[in-house]
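Note that the numbering runs from 1 along the sequence shown for the chain.
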Amino acid sequence: MEIGRLRKIGQKIYQEMAALRNAPDIRTSLGVGAGGDKTFPLDKKAEDIIISGLEESNEPLSLISEESGIIDFRGGGRRVGADPVDGSKNAISGIPFFCTSIAVAEGDTIDDVNMAYVINLATGDEFWAERGKGAYHNGRRMTPQKEDAFYLVAYEAQAPGRDIPRILPLISRAHKTRCFGAIALDLAYLAFGAVSVFISPSPSRSFDFAGGWLLVREAGGIVTDIDGNEIGKTTLGLKRSVSLLASGNRELHTRALGLMSGV
């Protein structure tokens with residue numbers, strides 16, 4: 001598996017999205033996917049393109065996808081965690097912040113992820129990383145924020161009544177806050193340096209963040225759970241597993257953890 005193949009898959013999905021976003025049945029649910037969320041036509045189309053692209057690779061692979069669950073190709077092999085459309089609620093509502101996220105792993109945990117690809121399906125911007133080779137935005141190497149100021153804190157609030165009070169000590173110290181609605185893109189833009197800190201207190205699924213995790217790590221940022229624990233041993237699967245706290249640098253991360261713990 002090479003980044004070039006992931007880019008080919010992503011670019012094909014991007015090309016298809018323009019027509020699908022204007023389709024009359026865009027808000028028609030096709031059922032509930034393996035990840036527990038509703039599946040819409042654009043989710044199904046994006047996953048079909050991912051499946052086709054993986055089949056063409058002629059490699060033994062095991063796809064873990066939000067829609068269809070686990071699919072083995074040629075008996076199964078390297079894990080491929082995919083969220084065909086992360087931020088699908090944004091997409092069907094006409095909000096231009098959603099993406100395809102793909103992570104490739106040599107084993108069963110987040111620590112085993114060695115390749116990541118995220119494409120912003122509203123703009124076509126691409127983010128990718130390979131372990132030990134850095135992280136890139138449209139071919140240019142990314143660097144996260146170096147200052148220790150909370151210029152922009154992005155967050156995900158899956159259960160606002162519970163999540164927002166939990167993260168209020170952090171977001172109240174930010175110059176600006178944003179709730180964009182697509183975890184993989186939040187992490188990609190943090191790796192790019194546009195976001196200072198990202199926090200998601202409710203547990204996320206591995207295919208939501210595995211690709212973004214490698215992007216941030218390869219760019220030079222930090223990712224843990226919201227208590228500061230490493231998440232590398234998290235199993236790649238369909239269940240919601242860990243909370244997330246990602247920062248552009250160690251100083252930012254330490255300050256964020258201090259605020260969250262009341263220090």
(request) First locate atom CZ of R79, then atom CD1 of I70, and finally report the distance between them rounded to the nearest 0.5 Å. (result) 8.0 Å
(message) Under a plain distance cut-off of 3.5 Å, with no hydrogens placed, do N90 and S93 share a side-chain donor-acceptor pair?
(response) no
(message) Between D125 and R7, does any side-chain N to carboxylate O distance fall below 4.0 Å?
(response) no
(request) Examine distances only and state if a side-chain atom of T254 and a backbone atom of R250 form a donor-acceptor pair shorter than 3.5 Å. (result) yes
(message) Closer than 3.5 angstrom, by distance alone: can the side chain of D86 be matched with the main-chain N or O of I183 as a donor-acceptor pair?
(response) yes
(message) Closer than 4.0 angstrom, basic N to acidic O: yes or no for E59 and R74?
(response) no
(message) We want to know whether S202 and R162 form a side-chain donor-acceptor pair, criterion being a heavy-atom distance below 3.5 angstrom.
(response) yes
(request) State whether the side chain of R141 and the backbone N or O of A219 hold a donor-acceptor pair below 3.5 Å, judged by distance alone. (result) no
(request) Keeping the roles fixed (side chain from D225, backbone from G228), state whether a donor-acceptor pair exists under 3.5 Å. (result) yes
(message) Side chains of N114 and E106: any donor to acceptor distance under 3.5 Å?
(response) yes
(message) Considering only residues two or more places apart or on different chains, which pairs with a residue in residues 158-197 satisfy ring pair (Phe, Tyr, Trp, His ring centres under 6.0 Å)?
(response) F97-F180, F127-Y189, H137-F192, Y151-H175
(request) Keeping the roles fixed (side chain from D83, backbone from F207), state whether a donor-acceptor pair exists under 3.5 Å. (result) no
(request) Using distance alone, with no hydrogens and no angle criterion, decide if E47 and S68 have a side-chain donor and acceptor under 3.5 Å apart. (result) yes
(message) What I want to check is whether the side chains of D108 and T235 have a donor and an acceptor closer together than 3.5 Å.
(response) no
(request) Determine whether the side chains of S62 and D72 contain a donor N or O and an acceptor N or O closer than 3.5 Å. (result) yes
(request) Look only at the side chain of D112 and the backbone of T109, and say whether a donor-acceptor pair between them is shorter than 3.5 Å. (result) yes
(request) Please confirm whether the backbone N or O of G53 pairs with a side-chain atom of R5, one donor and one acceptor, at under 3.5 Å? (result) yes
(request) Determine yes or no for a side-chain-to-main-chain donor-acceptor pair under 3.5 angstrom, with D208 supplying the side chain and S204 the backbone. (result) no
(request) Answer yes when E218 and K133 have at least one side-chain N-carboxylate O distance shorter than 4.0 Å, and no when they do not. (result) no
(message) Checking the side chain of R131 only, and the main-chain atoms of V113 only, is there a donor and an acceptor separated by less than 3.5 Å?
(response) yes
(request) State whether a side-chain donor-acceptor pair under 3.5 Å links D148 with N249. (result) no
(message) Do F198 and V216 have side chains that approach each other closer than 4.5 Å (heavy atoms only, starting at C-beta)?
(response) no
(request) Taking side chain to side chain contact (heavy atoms under 4.5 Å, CB included) as the test, write out the residues that go with T224, two or more places apart. (result) I222, E230, L245, H253
(request) Could you tell me whether the side chain of S243 and the main chain of S200 form a donor-acceptor pair under 3.5 Å? (result) no
(request) Nearest 0.5 Å please: distance from the CG atom of L61 over to the CD atom of E55. (result) 10.5 Å
(request) Flag the pair E2 / M115 as yes when at least one side-chain heavy-atom distance between them is below 4.5 Å, and no otherwise. (result) no
(request) Side-chain contact test, heavy atoms from C-beta onward, threshold under 4.5 Å: evaluate it for L252 versus F150 and give yes or no. (result) yes
